[in-house]
Amino acid sequence: MASTEHPPHRLRAWMLEGLADMGKDQGRVGPRPESQLQHKGQPWYRVMCLTGVDYFSTLGYQPGIAALAAGLLSPIATIVLVIVTLAGALPVYRRVAEESPHGEGSIAMLERLLSFWKGKLFVLTLLGFAATDFLITITLSAADASTHLVENPHLEEALHDQQVLITMILIALLGAVFLKGFLEAIGVAVALVASYLALNAVVVVVGLYHVITEGHVVTDWSNALTAEHGNVFVMIGMALIVFPKLALGMSGFETGVAVMPHVKGDPGDTEQQPKGRIRDTKKLLTTAALIMSVFLITTSFITTLLIPEKEFEEGGQANGRALAYLAHDYLGNTFGTVYDISTICILWFAGASAMAGLLNLMPRYLPRYGMAPHWARAVRPMVIVFTLVGFLVTWIFDADVDAQGGAYATGVLVLITSAAMAVTIAARKAGQRNWTVGFGVISVVFLYTTVVNVIERPDGVKIGACFIAGIILISLLSRLMRAFELRVTDVRLDEMAERFVRDIASRKIRFIANEPDARDKAEYRDKIEQIRNDNDLPEQEDFVFVEVTVTDPSEFEAGLVVRGAVMHGRYRVLTLESSSVPNALAALLLHVRDTTGRIPHIYFEWTEGNPFANFLRFFLFGQGEVAPVTREVLREAEPDPTRRPRVHAG
């Protein structure tokens with residue numbers, strides 16, 4: 001009998017083992033214990049490889065995308081992309097690393113600007129675009145990896161028409177790595193990035209050698225470029241117009257910040273001042289951007305000059321695999337196959353940084369908003385959820401790289417634009433005028449890029465809207481299902497409040513829930529009289545008033561501070577601030593029961609109005625039908641009726 005019961009317990013323990021970092025301290029009041037301040041992480045260059053599998057892997061398809069979008073202008077358009085990257089995206093995300101060193105990114109910076117439900121909905125919208133970016137990174141990269149596999153000369157015949165199945169297998173393998181453990185993911189990323197960049201360097205050197213030795217290709221290209229566009233100013237103008245189509249070349253910055261908590265930093269770093277982590281993350285972002293910039297320019301140059309234009313088009317041998325085409329053409333099928341294997345591996349594992357970003361981002365917000373179940377803070381269940389969503393996206397898009405490109409670019413650009421706006425606001429609040437102007441200009445550039453991309457590829461917004469709608473719907477349903485959950489993480493009483501509780505514990509503990517109004521002597525006197533009459537209590541019974549002030553009802557979890565005061569020389573009052581009146585009252589009653597060993601009673605006046613309307617008031621604004629909701633919260637929190645605080649309504 002026992003043997004049949006243990007496996008489910010072991011499976012559950014394994015699934016919930018190792019809560020995500022962002023879930024461990026939700027709702028904590030006060031500083032963390034000193035023993036927890038020591039951050040265990042990885043050196044920045046190793047973490048750079050984790051974000052690099054996303055960023056650097058775009059070399060697998062970026063030159064082909066640039067050639068299709070810009071044609072002969074591809075090298076010039078790529079130079080524009082590099083300028084925007086180094087002068088725009090890089091400074092923005094270096095500032096984001098300073099402002100949110102725990103991996104929250106620009107979303108957390110913007111969250112601080114808005115409160116109440118509008119702030120939550122705004123964050124959920126940005127999370128929708130982040131989910132679009134990260135999940136499409138997983139599916140698009142896996143799809144492109146399967147393209148390299150299927151179109152390899154040695155495997156093309158055997159794997160024909162198996163791209164969807166291969167893509168799903170790659171996504172499943174990625175999920176398996178994260179189910180095993182995160183350290184394994186970083187170790188794999190380091191090996192993949194090192195080998196992939198080395199092989200790309202070989203292809204670039206060989207490609208440049210052929211460009212130099214075959215001098216006519218440069219002449220042919222420059223003559224064709226001049227004939228098509230006239231002068232250099234027209235070329236630059238056209239490059240600026242097509243630049244939004246090349247935006248995938250900036251896809252690694254958001255994940256670079258998202259995986260920031262895994263950067264080791266200095267031994268003296270604290271949660272409040274992780275200076276070493278911030279410094280090393282800036283190194284990570286700068287180094288990755290410089291490496292990628294060199295490769296983007298050189299690869300776009302050699303692929304444009306050495307590959308016939310028709311090969312970039314759909315059905316061409318260089319479509320989605322321009323560098324692989326050169327590897328096979330100039331270095332032979334043996335080296336080309338090695339290059340294909342490396343490209344397939346890094347494209348497959350590009351989803352690792354995206355998965356790490358999702359695991360860092362989603363559990364940081366949704367459980368705190370009450371918009372996800374408790375298990376959403378654990379890594380392994382979320383890995384399974386994201387893997388299943390990846391299967392769905394792959395099936396819907398038939399593992400087509402081009403079909404997912406618009407959604408990918410939209411997600412990337414929206415997040416970069418939001419980051420630029422966030423740092424602009426941060427600089428303005430800090431009184432840094434020059435930085436404000438600079439970041440403002442960068443924001444305008446990215447806003448233009450985003451708008452142009454949306455106009456040209458509206459499918460990206462449609463897909464993003466589906467993710468946003470899904471997140472909002474699931475979040476609100478989760479919040480509804482958890483409406484009666486005890487949300488208070490801890491209760492603390494000041495000295496006066498503790499004195500009231502100790503005194504009343506010597507008799508029967510009776511509280512009166514009072515909605516504060518004028519708070520004059522007549523209010524408290526009349527309330528006591530009403531409670532005695534409604535509940536037929538003798539006059540000698542003693543009471544303590546409890547008053548809850550609602551702060552931000554959109555918040556879900558928080559600590560509760562209880563303060564005591566004597567009003568008008570005779571009425572004892574406990575005052576609380578909370579996002580929900582019933583939850584605050586239930587938490588106080590349970591705390592009093594646990595500290596005194598006696599069952600407290602609380603008395604309410606029935607709320608007038610329609611019960612359904614009152615429930616909506618509770619759900620949205622933290623108040624409404626207080627008496628029955630308080631009782632329901634207590635029922636869920638304490639299954640034993642004999643130990644449950646008593647609720648009276650008259």
* Is a donor on one side and an acceptor on the other found under 3.5 Å between the side chain of Thr51 and the backbone of Met48? -> no
* Minimal non-hydrogen separation, Leu72 against Trp221, with atom names -> O-NE1, 2.9 Å
* To do: Would you please test Leu225 and Ile76 for side chain to side chain contact (heavy atoms under 4.5 Å, CB included) and show each step?
  => CA-CA 11 Å; Leu225 194 61; Ile76 298 175; 3.9 Å; yes
* CG-CD1 distance between Leu73 and Ile79, expressed to the nearest 0.5 angstrom -> 10.5 Å
* Donor-acceptor contact present, side-chain Ser418 to main-chain Leu415, <3.5 Å -> yes
* Straight-line distance of Leu326 CG to Leu331 CG, nearest 0.5 Å -> 9.0 Å
* Interatomic distance, Leu81 atom CG to Ile297 atom CD1 [nearest 0.5 angstrom] -> 9.0 Å
* Asked: For residues Thr167 and Thr394, is any side-chain donor paired with an opposing acceptor at under 3.5 Å?
  -> no
* Structure fact -> Note: Thr387 and Ala172 closest approach over all heavy atoms is CG2-CA, 4.3 Å
* With a cut-off of 6.0 Å (strictly less than), are more than 12 heavy atoms of other residues, nucleotides or ligands near NZ of Lys283? -> yes
* Asked: Within a reach of under 6.0 Å around CD of Glu214, are more than 12 heavy atoms found that belong to other residues, nucleotides or ligands?
  -> yes
* What's the shortest heavy-atom distance between Tyr55 and Met292, and which atoms? -> O-CE, 3.1 Å
* Asked: Would Arg279 and Trp44 satisfy side chain to side chain contact (heavy atoms under 4.5 Å, CB included), going step by step from the backbone distance to the final call?
  -> CA-CA 10 Å; Arg279 181 199 64 236; Trp44 67 268; over 6 Å; no
* Looking only at non-hydrogen atoms, find the nearest pair between Pro63 and Thr58 and report the distance. => CD-O, 4.2 Å
* Structure fact -> Looking only at heavy atoms, the pair that brings Ser300 and Pro75 closest together is OG-CA, 3.6 Å
* Asked: When rounded to the nearest 0.5 angstrom, what distance separates CG in Leu306 from OG1 in Thr304?
  -> 9.0 Å
* Would you say Tyr448 has more than 12 foreign heavy atoms packed within less than 6.0 Å of its OH? -> yes
* Structure fact -> All heavy atoms of Phe253 vs all of Ala289, minimum pair found to be CZ-CB, 4.0 Å
* To do: Verify, without hydrogens or angle tests, whether Asn200 (side chain) and Tyr196 (backbone) share a donor-acceptor contact under 3.5 angstrom.
  => yes
* Asked: Looking at Arg95 and Glu99, does any basic side-chain N land under 4.0 Å from a carboxylate oxygen?
  -> yes
* **Backbone N/O of Val82 and side chain of Ser293: donor-acceptor pair under 3.5 Å** => no
* **CZ on Arg277 to NZ on Lys264, rounded to 0.5 Å** => 13.0 Å
* To do: Apply side chain to side chain donor-acceptor pair (under 3.5 Å) to the pair Tyr45 and Asp280, showing each step before the final yes or no.
  => CA-CA 9 Å; Tyr45 50 85; Asp280 286 351; over 6 Å; no
* Asked: Does the side chain to side chain contact (heavy atoms under 4.5 Å, CB included) test come out yes or no for Thr299 and Gln62, once each step is laid out?
  -> CA-CA 9 Å; Thr299 55; Gln62 180 72 13; over 6 Å; no
* Could you state the interatomic distance from CZ (Phe134) to CG (Leu127), rounded to the nearest 0.5 Å? -> 10.0 Å
